[in-house]
Every structure is written in structure tokens, then in C-alpha cells.
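This report refers to the structure that appears directly beneath it.
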Amino acid sequence: MVQLAVSNNFDLVALCAVSKPLAVICEIFAEASFEMAIRAYANNDGFGLQFAMDATMEFKNGFDIIEDIINWPADNQVSIALDVALRNKKIRICIAFENTRFCTGKCQGDADCESTHACDNVFKVCREKRGNGGKCGRDAGCKSGYCVSGFCRECP
């Protein structure tokens with residue numbers, strides 16, 4: 001396996017100095033530090049990219065309600081990661097936030113999904129079938145069973 005990684009650490013003051021649009025973060029958080037990493041890897045099966053961030057972020061007084069609404073960790077430590085991999089000619093994407101992880105690649109065909117869903121041929125996730133007028137790529141993606149010129153129709 002071949003790997004290449006780049007990482008960077010910075011704090012709230014540095015983040016606010018970099019970009020004015022990020023200033024809203026400076027208004028909400030009293031203190032924050034970030035560690036970001038990008039990793040590229042390749043092996044016999046394929047290759048992938050991983051973007052990860054670990055942060056310690058403490059809300060300012062007055063924003064405590066946000067902590068309760070989003071169930072913010074008591075230790076103010078958060079982690080988020082995005083993995084994009086191409087293996088055996090198939091794309092797999094995983095997103096992780098704290099202890100929750102969502103990955104594509106859960107279905108191989110429509111039989112793996114509920115009857116109200118169809119397997120997305122690209123991301124391999126079960127998607128709800130679309131109603132008439134919805135965009136589609138094949139008949140199985142439509143509630144009516146008819147995908148005509150990229151849109152679900154009542155009849156062919």
C-alpha cells in the first residue's frame with residue numbers, strides 16, 4: 001500500500017484571520033482548536049482519499065442552547081471524516097460524525113431494497129422511488145415503473 005498524508009493544526013484566532021465568512025464561528029465559539037488531515041492511499045484494489053478533522057470547540061455563553069439541541073459532547077471534542085474510495089470499479093463514500101457513520105455500497109441490486117425503494121447503480125444505496133416528474137435514470141427508480149427521457153412518467 002502507498003500512502004501520502006498532509007496535516008495541519010490551527011486555532012480559532014488563525015481560523016478567523018483566514019477568512020471573513022468564517023467569522024461567524026468566532027462569534028459562536030469561545031475557544032477552538034482544529035487538527036485537519038488529508039490522506040491519499042492506493043493498493044491493488046484501488047485508491048481513495050480521506051479528509052478528517054478533529055476539533056475542540058467550546059461555545060460562548062449565550063449559545064449553550066445549541067449544545068442541548070445538537071447533543072454536543074460534554075468534553076467539546078468532535079470528529080468528522082469523509083472517505084472516498086474507488087475499489088474494483090465501484091465508488092464508495094463514507095461520512096462519519098462522532099459515533100455515526102453512513103456509507104454507500106449497501107445494495108447490489110433492487111432486490112436488496114424495500115419495494116418503495118430502488119438501488120442507486122452509482123452509489124449503491126437504496127433510494128426512494130420518485131413520483132411522476134421526478135428525475136430518473138431507469139424504470140426501477142420510478143413509482144410508476146416508467147422512466148422516459150430522464151423523467152418518471154405515468155406511461156411509456
Side-chain angles (χ1 to χ4, degrees), residues 1-110 112-114 116-131 133-138 140-141 150-152:
M1 178 187 282
V2 176
Q3 291 189 37
L4 173 66
V6 176
S7 64
N8 190 17
N9 297 328
F10 54 95
D11 62 14
L12 187 63
V13 174
L15 179 68
C16 296
V18 169
S19 174
K20 289 190 181 212
L22 298 176
V24 68
I25 294 173
C26 302
E27 298 299 321
I28 296 173
F29 294 100
E31 192 176 310
S33 61
F34 307 89
E35 180 179 328
M36 298 177 72
I38 300 172
R39 183 174 70 101
Y41 58 92
N43 59 30
N44 293 338
D45 293 331
F47 67 93
L49 292 172
Q50 180 186 59
F51 304 91
M53 182 181 80
D54 291 318
T56 302
M57 303 171 75
E58 184 179 336
F59 284 96
K60 286 184 177 179
N61 289 335
F63 290 96
D64 301 344
I65 186 83
I66 296 173
E67 292 177 340
D68 298 332
I69 293 171
I70 63 174
N71 198 20
W72 193 257
D75 64 0
N76 293 319
Q77 300 278 329
V78 292
S79 296
I80 188 167
L82 170 67
D83 294 308
V84 180
L86 178 64
R87 290 192 182 111
N88 300 323
K89 299 181 182 178
K90 294 182 182 176
I91 295 174
R92 181 173 171 94
I93 299 171
C94 293
I95 300 170
F97 179 75
E98 289 306 298
N99 296 322
T100 304
R101 185 171 171 92
F102 169 79
C103 294
T104 61
K106 300 290 184 184
C107 60
Q108 295 302 314
D110 296 327
D112 296 332
C113 303
E114 297 177 32
T116 57
H117 291 68
C119 185
D120 182 305
N121 286 337
V122 176
F123 295 108
K124 300 299 182 191
V125 293
C126 295
R127 294 186 184 259
E128 188 172 349
K129 292 181 180 181
R130 293 175 175 86
K135 290 185 179 183
C136 58
R138 58 193 184 94
F151 294 94
C152 294

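Because only heavy atoms are used, hydrogens play no part in the values below, and waters and symmetry mates are left out as well, while side chains stay in. The first residue of the sequence shown is numbered 1, and numbering continues consecutively from there. Here the structure is a predicted model, which means the values were calculated and not measured.
Atom CE of M57 is surrounded by more than 12 heavy atoms from other residues, nucleotides or ligands within 6.0 Å. At most 12 heavy atoms of other shown residues, nucleotides or ligands fall within 6.0 angstrom of atom CD in E31. Residue-environment remark: CD (E114) stays at or below the threshold of 12 foreign heavy atoms within 6.0 Å.
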> Does the pair V84 and L82 meet the rule for a side chain to side chain contact (heavy atoms under 4.5 Å, CB included), with working shown?
Replying inline: CA-CA 7 Å; V84 180; L82 170 67; 4.3 Å; yes
>> Evaluate F151 against R130 for side chain to side chain contact (heavy atoms under 4.5 Å, CB included), listing each step before the verdict.
In response: CA-CA 9 Å; F151 294 94; R130 293 175 175 86; over 6 Å; no
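Using modelled atom types, one side-chain atom of K60 and one backbone atom of C26 make a donor-acceptor pair closer than 3.5 Å.
For the atom pair H117 NE2 and D112 CG, the distance stands at 13.5 Å (nearest 0.5 Å).
Between F59 and W72, the angle of the ring planes goes over 60°, which puts this pair in the perpendicular group of the 30/60° scheme.
Here the shortest heavy-atom pairing between C152 and C136 reads N-SG, 3.5 Å. The two residues A140 and A118 make their nearest non-hydrogen contact at O-CB, 3.3 Å. Contact record, M53 with F34: SD-CD2, 3.8 Å, taken as the closest heavy-atom pair. The two atoms that bring I28 and F63 nearest to each other are O-CD1, 3.8 Å, heavy atoms only.
With contacts defined as side-chain heavy-atom distances shorter than 4.5 Å, the pair F29/E58 does not qualify.
Disulfide check for C119/C126 fails, with the SG atoms at least 2.5 Å apart.
The only option from K124, R138, K129 that meets the salt bridge (Lys or Arg N to Asp or Glu O under 4.0 Å) definition with D110 turns out to be R138.
At a cut-off of 3.5 Å, with distance as the only test, no side-chain donor of T56 or N76 sits close to an acceptor on the other residue.
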